[in-house]
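Here the structure comes first, spelled out in C-alpha cells, and everything after it is commentary.
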Protein chains: 2
Amino acid sequence: MTSTPKYYTQKLRILASIADAKPGDPMPTERELASRFDTSRTTIRQALSELVHEGRIVRAHGRGTFVAQPPVIHVRSLTSLSEDLTGTTLDSVVLEVREIVVGAEVSGDSAARAEVAAGLELDSGSAVTRVERVRTSDGEALAHEVAHLPGTYPGLAGELASRGSLYATLRDAYDVVLASAEDEIGTGLADPDDSARLGIAVGQPLLLITRTARSGTGVPLEFTRSRFRGDRFRFLARS
Amino acid sequence: MTSTPKYYTQKLRILASIADAKPGDPMPTERELASRFDTSRTTIRQALSELVHEGRIVRAHGRGTFVAQPPVIHVRSLTSLSEDLTGTTLDSVVLEVREIVVGAEVSGDSAARAEVAAGLELDSGSAVTRVERVRTSDGEALAHEVAHLPGTYPGLAGELASRGSLYATLRDAYDVVLASAEDEIGTGLADPDDSARLGIAVGQPLLLITRTARSGTGVPLEFTRSRFRGDRFRFLARS
DNA sequence: CAGTGGTCTAGACCACACT
DNA sequence: GTGTGGTCTAGACCACTGC
C-alpha cells in the first residue's frame, strides 16, 4: 500500500479546520499554514490547490484565501427546454453578436469554424449568427458561452437585450422553436482566456458542454459551446 | 495584462511537439524536457500536470509519460434508459453486492447512508441493496459506481453476473421497470481511493454523476453515485 | 509601503518498474 | 542497479491589493 503523501494529510487538516466556516471567511495565509504545520510553503500550496480545484476555497491574488461559496445547480428541463435554476437566477451578459461564414479557409480559428459547420450540418460558406455571452449568477461569472445559429437574425442584439433569454427571443421574436437537444458533457481546464473572462485561476477544472438543438424535423438550429466553472456549477439532466 | 507564465509556454510547446503523435507513444522524460527547454523540472512538471488533467498525456510511475488515448463517449438515451456507447463497449466488474440499513446511526459513513435514504426517499432503518461496480472499457477502468436499490434482491449477484447490465437484470429478473431518471453532473478530484481503483493520479479531474431513477409513478428505485475519469470520458444527454 | 498569492529554481530523496 | 515519475525543501523574486 502506498503511504499517504504529506500534502494530502495537510489537505485533510485544512479541510477539517474550515468545516464550520462560512462562505467568504478568510483563511490563514500560506506562509502562516506552512509555519503552523511545520512544512514548506510548496507543500501547503499543493494541498490548497486541490481544495481550490474542488471548489472548497478561492484564492485572490494579493488579498488572501477564502472559504468558497456553495455551487449553483443548473436545471436543464426536457419538457420546456427552458433554462432554470434552483434558488438563484442565471443571467447573461452579451459580449458580441455578429455574422460569420463557416467552414471558410480563413486565418486563425478555421478549425473552430469547420466544427461549427459540422455541428449545424451546413456547407462551407454558409452564413451563421454567432452569439457570445457570459452567464452570471448574483453578478458572478459562471460560464462563457458561444452560440451559433444558422442564417441571419436581423436585430438579434437588441431583441436579446430586452428579453434576456436566447430561447425566449428565438421563439417570440423569430418564431424559431427548438424541439430536442443533445448535450455532450466533459471536463476541461481553464486557459488564460477563461481565467480572464471568468475570474478564476488558470488550470481550474471546467465543465465543458457542447449543445446541439434541433427543430421537430431534426434540423439543427443551435450549436453552442459552454465553459462552466467546475467549482461553482452542477448540471442537472432529466430524462 | 498579465504576462504569460513560463510553464504555460512550455505546455504549448510540448503540446505542439505531440500534435501528430499516436496514442501510447512515449514522451521525453521530465528531466530531458527540463534540460532541452532550459528550465527546472518543477516548471516542466507544472506544464505536464495540466496536460494530464486535460487528458492529453498519461504518466506511469517508474515507466515514463505517454500520449493519451482519445476519450470514450457515454450515451445516455432517454427513450430506452439503456446504456450504450459510441464505438466501444462499456462493461462492468461487480465488486460487491450486499444489503445495508440506511440512515442508521452507525459509525463511519453515516453521512453517506443518510444521503442514500434521502435520495431514495426512505425512512431511517430501511433495508437497501448496495451494488458496487467498476465500469470498464477495453479492460481499462473508467469509473467507480455505487448503486442503491430500495428493498432486497435475492440472488442479485448471480443474476448480474450472467446478464451484465443492471437495468436489464432489474427488468428481466425482478420485473422492475425504470421510467425516468435525473442525473446531476459536476466535477471532482480523484482521492487516494479513486486513484487505486481507477489507476489514475490523485488530484486528477473526475466527472461526478449522481443518478436518481424512478418508476412511472415517481417512486425512487435507484440512487447511484458514479465517479468517472474526466480525461477518458464524456457524457451525452439527450432531451 | 507591507503583505498576499503566483512563479521558479536547484537540489534532494522516495516509490516504482524494468532488467 | 538504473531510470522513471512523485514528493518535499528553503529560498528567491514577481504581481497584485490595500493601506
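The chains referred to below are lettered A, B, ... by the order of the sequence lines, with proteins before strands, and numbering in each begins at 1.
Considering only residues two or more places apart in sequence or on other chains, B/Arg31 meets the side-chain hydrogen bond (donor to acceptor under 3.5 Å, both in side chains) condition with none of them. Listed by chain and number, the residues in a side-chain hydrogen bond (donor to acceptor under 3.5 Å, both in side chains) with B/Glu32 are B/Arg36 (sequence neighbours excluded). In terms of the side-chain contact (heavy atoms from CB on, under 4.5 Å) criterion, residue partners of B/Ala68 (sequence neighbours excluded) are, by chain and number, B/Val58. With sequence neighbours excluded, the residues that form a side-chain hydrogen bond (donor to acceptor under 3.5 Å, both in side chains) with B/Ser40 are B/Thr43. In terms of the side-chain contact (heavy atoms from CB on, under 4.5 Å) criterion, residue partners of A/Glu140 (sequence neighbours excluded) are, by chain and number, A/Leu142, A/Arg229, A/Arg232. Checked against side-chain hydrogen bond (donor to acceptor under 3.5 Å, both in side chains), B/Thr224 has the following partners two or more places apart in sequence or in another chain: B/Glu222. Scored by the salt bridge (Lys or Arg N to Asp or Glu O under 4.0 Å) test, B/Asp191 finds no partners at all (sequence neighbours excluded).
Residues of residues 52-68 of chain B that place a heavy atom closer than 4.0 Å to DNA chain D, in numerical order, are B/Arg59, B/Ala60, B/His61, B/Gly62, B/Gly64, B/Thr65. Of all the residues in residues 25-32 of chain A, A/Thr29, A/Glu30, A/Arg31 reach under 4.0 Å from DNA chain C with at least one non-hydrogen atom. Near DNA chain C, defined here as any heavy-atom distance below 4.0 Å, the residues from residues 35-50 of chain A are A/Arg41, A/Arg45, listed numerically.
Every stem involving DNA chain C, taken as at least 3 paired positions in a row under the Watson-Crick or G-U wobble test at 3.5 Å, is listed here: C:1-18 with D:1-18.
Counting to the nearest Å, the P atom of C/dT4 and the CG atom of A/Leu33 are 11 Å from each other. Atom OH of A/Tyr8 is separated from atom P of D/dC8 by 13 Å (rounded to the nearest Å).
Among A/Arg211, A/Arg135, A/Arg130, the one residue that satisfies the salt bridge (charged side-chain N to carboxylate O under 4.0 Å, His left out) test with A/Glu145 is A/Arg135.
Residue pairs satisfying the salt bridge (Lys or Arg N to Asp or Glu O under 4.0 Å) criterion with at least one member in residues 55-70 of chain A, sequence neighbours excluded, are listed as follows: A/Glu30-A/Arg59.
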